[in-house]
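Since the structure comes first, as structure tokens, the remarks are kept for the end.
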Amino acid sequence: MPFLKTSNLVSIERHIVEEGAMHPEATGEFSRLLRDFTLALRIVARDVRRAGLNDILGQTDAVNTHGERVKRLDIHANDVIIRTMERGGHLCVMASEENADLITIPQQLTCGKYVLVFDPLDGSSNIDVNVSIGTIFSIYRRLDEHDTGPGTLADVLQPGFRQVAAGYAMYGSSTQLVYTSGNGVDVFTFDPTIGEFLLTFEKIRIPQRGKIYSVNSGNAYKWPQGMRDYVSHLLRPSDDGLRPYSLRYVGTMVADIHRTLHYGGIFMYPPDSSAPSGKLRLVYEVNPMAFIMEQAGGRATDGHRRVLEVIPESLHQRLPCFMGSVDDVLEVESFLRAANEISG
Ligand code: AHM
Ligand code: MG
């Protein structure tokens with residue numbers, strides 16, 4: 001795979017302006033929102049890079065809404081994003097994986113027509129050990145664009161197909177921003193010497209089928225039968241050379257999806273007997289990644305339904321997740337269906 005898939009020197013800001021120019025009705029508000037957001041990402045990226053050097057690693061005494069111990073860098077990233085975004089005048093409400101409730105825009109500030117939802121630092125179990133982590137986000141238009149008051153829960157609980165844009169930043173060997181506004185998926189790499197995200201892969205396409213599967217196999221004893229059958233199938237060598245598959249699992253969704261996007265294959269967080277809806281959150285994790293996958297030519301379902309058509313019922317709702325190359329996701333769906341039919 002070539003390192004650079006584009007010879008154009010285009011910054012994320014220029015890219016957003018050029019995309020805005022395709023919509024003559026655009027007021028520029030969305031471009032300004034994204035400019036603010038990439039500033040937040042640059043600050044988080046800087047602080048992640050220096051995490052071992054200052055006193056920001058480790059755990060706090062706080063427990064988040066999912067009953068998990070909160071890491072200090074999570075809280076810091078959450079705080080940076082909220083503080084950068086609340087005064088731009090573009091948002092009417094935000095929601096974060098780290099906040100139990102909606103994040104409202106302070107009364108003295110202006111409300112805009114967009115909604116921002118995000119997971120400030122995905123991959124919490126990897127933070128303290130210098131393994132890739134990331135930030136996931138998506139943007140919606142508020143339901144009533146003429147409303148100038150605070151946004152509501154209904155504005156946040158829109159189905160994924162209504163996303164205006166989504167993306168993730170991955171703080172890996174370099175910092176990359178993967179972004180879609182429904183016009184394909186572009187990858188930008190941060191150049192710290194000039195402080196800009198530059199376009200490095202244009203309109204990335206996921207292969208139709210891969211040879212890698214990504215799942216926490218430690219949960220296999222709790223999986224539904226169809227899931228166990230599928231993974232056994234992937235591990236059985238085939239004459240056509242398509243199998244066996246390799247297993248890769250970082251445990252940071254951003255990193256596992258990023259690899260899947262480039263190399264193809266499948267990423268899964270299935271339901272199991274102790275977590276019937278899996279682990280990943282529909283609003284902050286599954287929907288943004290599903291939008292990116294589909295925009296790159298892949299497929300994203302909960303095993304049965306298209307993720308982007310699921311109507312969220314609550315902020316922190318979880319959803320099983322199967323996403324990646326079209327042929328791989330279709331195959332796991334057929335295994336799940338077959339096992340269900342047998343068990344009636
Ligand atoms: P987090 O948002 O608290 O970091 O949790 C989400 C992460 C995902 O990045 C990753 O895919 C998953 O949890 C890993 O979970 P597990 O350790 O159960 O395999
Ligand atoms: Mg997460």
Side-chain angles (χ1 to χ4, degrees), residues 41 44 48 51 57-60 62-79 81 94-100 116-138 160 166-172 176 178 212-223 227 231 247-261 265-293 300 302-303 307 312 315-324:
L41 292 180
V44 175
V48 165
L57 291 178
Q59 297 191 329
T60 65
V63 170
N64 73 12
T65 52
H66 312 287
E68 300 152 345
R69 214 59 190 289
V70 174
K71 309 271 175 163
R72 276 193 238 172
L73 200 54
D74 300 34
I75 300 181
H76 176 70
N78 199 37
D79 200 47
I81 295 173
M94 291 182 261
S96 159
E97 192 187 295
E98 294 300 341
N99 291 58
L116 172 68
V117 299
F118 57 95
D119 177 357
L121 220 49
D122 177 57
S124 22
S125 68
N126 284 325
I127 292 177
D128 288 350
V129 288
N130 202 12
V131 173
S132 297
I133 48 181
T135 299
I136 313 174
F137 66 96
S138 67
Y168 61 82
M170 190 174 79
Y171 314 111
Q176 290 196 316
V178 175
I212 298 174
Y213 73 106
S214 187
V215 68
N216 184 344
S217 291
N219 294 327
Y221 72 103
K222 299 186 282 185
W223 287 345
M227 185 60 203
V231 171
L247 168 64
R248 299 277 185 275
Y249 191 67
V250 178
T252 294
M253 184 189 201
V254 167
D256 285 315
I257 290 288
H258 194 67
R259 181 201 53 251
T260 306
L261 206 54
I266 187 164
F267 169 80
M268 301 176 277
Y269 211 109
D272 64 45
S273 53
S274 55
S277 300
K279 173 182 182 188
L280 301 176
R281 292 77 168 177
L282 172 59
V283 172
Y284 317 104
E285 296 168 322
V286 184
N287 260 337
M289 294 306 197
F291 188 26
I292 290 168
M293 274 296 168
D302 68 352
V307 166
L315 269 184
H316 298 286
Q317 175 180 348
R318 297 168 196 267
L319 192 79
C321 151
F322 299 84
M323 50 177 83

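Keep in mind that this is a model prediction, so the values were computed, not measured. Just so you know, ligand 1 is whichever comes first in the structure, and atom 1 is the first atom listed for that ligand.
Near Y249, meaning under 4.0 Å from one of its heavy atoms, ligand 1 places the atoms 14 (C), 15 (O), 16 (P), 19 (O). Those atoms of ligand 1 with a heavy atom of D119 less than 4.0 angstrom away are 2 (O). Close contacts of ligand 1 with T252, meaning ligand atoms under 4.0 Å from a residue heavy atom, involve 9 (O). Atoms of ligand 1 lying under 4.0 Å from at least one heavy atom of S124, given by number and element, are 1 (P), 3 (O), 4 (O). Of all atoms in ligand 1, listed by their number and element, those nearer than 4.0 Å to a heavy atom of N216 are 16 (P), 18 (O), 19 (O). Residue E97 has at least one heavy-atom neighbour below 4.0 Å for each of these atoms of ligand 1: 1 (P), 2 (O), 3 (O).
The Mg ion (ligand 2) lies closest to atom OD1 when only the N/O/S atoms of D122 are considered.
Contacts of N219 with ligand 1, taken as heavy-atom pairs under 4.0 Å, are absent altogether. At a heavy-atom cutoff of 4.0 Å, ligand 1 is contacted by both the backbone and the side chain of D122.
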Pair I257, I292 - check side chain to side chain contact (heavy atoms under 4.5 Å, CB included), show working. CA-CA 10 Å; I257 290 288; I292 290 168; 5.5 Å; no
Going through the checks in order, is the side chain to side chain contact (heavy atoms under 4.5 Å, CB included) test met by V44 and Y171? CA-CA 9 Å; V44 175; Y171 314 111; 3.5 Å; yes
T135/L121 under side chain to side chain contact (heavy atoms under 4.5 Å, CB included): CA gap, chis, key distance, verdict: CA-CA 5 Å; T135 299; L121 220 49; 4.3 Å; yes
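Of the possible donor and acceptor atoms, one in the side chain of S96 sits under 3.5 Å from a partner among the backbone N and O of E98. Panel note: side chain T260, backbone I266; no donor-acceptor pair is recorded below 3.5 Å.
Taking the side chain as every heavy atom from C-beta outward, H316 and V283 never approach each other to under 4.5 Å. Between L247 and S217, the closest side-chain pair of non-hydrogen atoms falls below 4.5 Å. Within the 4.5 Å cutoff, the side chain of F267 has heavy atoms near those of the L280 side chain. Considering only heavy atoms from C-beta on, V215 comes within 4.5 Å of P270 through its side chain.
Contact analysis puts Y269 in contact with ligand 1, with a non-hydrogen atom separation below 4.0 angstrom. Between G123 and ligand 1 there is a heavy-atom distance shorter than 4.0 Å.
By the 3.5 Å distance cut-off applied to N or O atoms, E285 is counted among the residues near ligand 1.
Angle subtended at the Mg ion (ligand 2) by D119 OD2 and E285 OE2: 100°, rounded to 10 degrees.
The residue among R281, K279, M253 with a heavy atom at the shortest distance from atom 11 (O) of ligand 1 is M253.
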